[in-house]
Amino acid sequence: MKFNSHDELVNTSKEAQKKWRLIPAPKRGEIIREFGNELRNQKADLARVITKEARKIVSEAEGEVQEAIDMCDFATGLSRQLYGLTMPSERPDHRLQELWQPLGIVGCITAFNFPMAVFAWNFCLASVCGNSIIWKPSPHATGCADAIKKIWDKVAGDHKELVLILNGGNEEAIALCKNSNIPLISATGSTQMGKELAPLVSARLGRTLLELGGNNAAIVCSTADLDLTVKGVTFSAAGTTGQRCTTLRRAFVHADIYEEFMEKLYAYYATLKIGDPSDATSQLGPLISEKSFNDMQNVLISLKEKDVKIHGGQRFEVSDPKEFYVMPAIVEVDKVEDEMLAETFAPILYVKKFTELKDAIHMQNNVKQGLSSSIFTNDFRESELFLSSEGSDCGIANVNIGTSGAEIGGAFGGEKETGGGRESGSDAWKNYMRRVTATVNYGKDLPLAQGVEFDES
Ligand code: UN1
């Protein structure tokens, strides 16, 4: 569908939403179930599009489509559970209750690394709640958006325009953010992007739902099961070639097991299969672009000036020289280096020794981002401390699991410069609705709240 202007696009979405919101939520849920079934039918083909564009390995690409399918199932169930509370009224013959109504249009900006799943997080909730969506996919993954749109159009009947795609870059994102007909902008990407876009939305007092950078850490305690830990750390740090917002970037390892852990970690890294992501045996595909490669190399160059031990990180030669495959890097540091405080969207894992858990927790939290975190331990006192108010300050805190690979059932998102948004499961749907507090008087008198008297007669 082609639009002559931005206004035309937004008006089309508005009209689509007006029609859609009249459909009872459980009926909307049925259409989303159809959408999910079609994703199921085409899972392998969709995964191939992800692999082609985002360069994810087959298993992860299929996992991403599964994440979208899971969201459809979740939203279908949710379609009968958009509950509002009823509170006791202090006045006789009155009912006090909350109603949840759709917002209107949701503007959704997604990144290259989860080109289908993050759309599904937003679309499934937004649509079951009665909203339409204008989706600006990453310029790296427009084919993924087209494939999804085609499936929606197949199942949507009269509601094809509920999903509209706006292709483009920064300029298009800015236009969405400035448009006061779009009550909610949900954006995934870098913190820098969030800092540019969010003020445009808040200048018109619109709402944002932000899922921005991460700088995730794992704490490996002395009682940890090291074989399990090494697998968890490697999947999170090197998997997806370090290009998840949940990627593990820093590991704090207890001094008592440091040598043994590092030995096992290097041995495991040495087994990783780097290569064409469409080859089912590959575990790591290439970086998304030459720019990502350069960003990674620049960080490694600046680290070389310092007293650190760097392992890996160099370009890995495969048959197609146009792509940027890399050996995932491990950087052992004695002190917290500045490079560790920034997110480099590439597989660089910093490792530092600790002796006191509270110091490790402090180092973990002492960054600007607050998305995901892990502790590996078999001592419940350590894991409970980590999960307490003295522990991780992130939106996601895992025990004996790496920082990446969250299920859809929980709310996903993080604190501080990660943006504070929550998407996906739990009650994240509330972000896509407006809450109406309704008080109904079904009596014959007009008692006022707080005992106020106005009309004495
Ligand atoms: C992202 O990288 O933007 O928890 C999302 C995970 C995935 C989602 C990552 N389920 O790693």
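Starting from 1, each residue takes its place in the sequence as its number. Both counts, for ligands and for their atoms, begin at 1 and track the order of listing.
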Just which atoms of ligand 1 are under 4.0 Å from any heavy atom in [X]?
| X | value |
| --- | --- |
| Glu211 | 3 (O) |
| Ala406 | 4 (O), 6 (C), 10 (N) |
| Gly405 | 4 (O), 6 (C), 11 (O) |
| Cys245 | 1 (C), 2 (O), 3 (O), 5 (C) |
| Ser404 | 11 (O) |
| Arg244 | 2 (O), 6 (C), 7 (C), 11 (O) |
| Asn113 | 1 (C), 2 (O), 3 (O) |

> Quick check: does any side chain N or O of Asn216 sit under 3.5 Å from a backbone N or O of Thr247, one acting as donor and the other as acceptor?
Replying inline: yes
>> So does Thr223 get a backbone contact from the side chain of Asn378, meaning a donor-acceptor N/O pair under 3.5 Å?
In response: yes
> Which of parallel (below 30°), tilted (30 to 60°) and perpendicular (above 60°) describes His159 and Trp20?
Replying inline: perpendicular
> How are the rings of Trp152 and Phe35 set relative to one another: parallel (under 30°), tilted (30 to 60°) or perpendicular (over 60°)?
Replying inline: perpendicular
> Among protein heavy atoms, which lies nearest atom 9 (C) of ligand 1, and at what distance?
Replying inline: Phe114 CE1, 3.4 Å
> Which heavy atom of the protein is the closest neighbour of atom 10 (N) of ligand 1, given with residue, atom name and distance?
Replying inline: Glu67 OE2, 3.1 Å
> So do Arg204 and Ile182 actually touch side chain to side chain, heavy atoms under 4.5 Å?
Replying inline: yes
>> Distance alone, cut at 3.5 Å: any donor-acceptor contact between the side chains of Ser404 and Ser236?
In response: yes
>> Below 3.5 Å, N or O to N or O, backbone or side chain included: is there any such pair between Thr246 and ligand 1?
In response: yes
> Ring centres of Trp121 and Phe412 under 6.0 Å apart?
Replying inline: yes
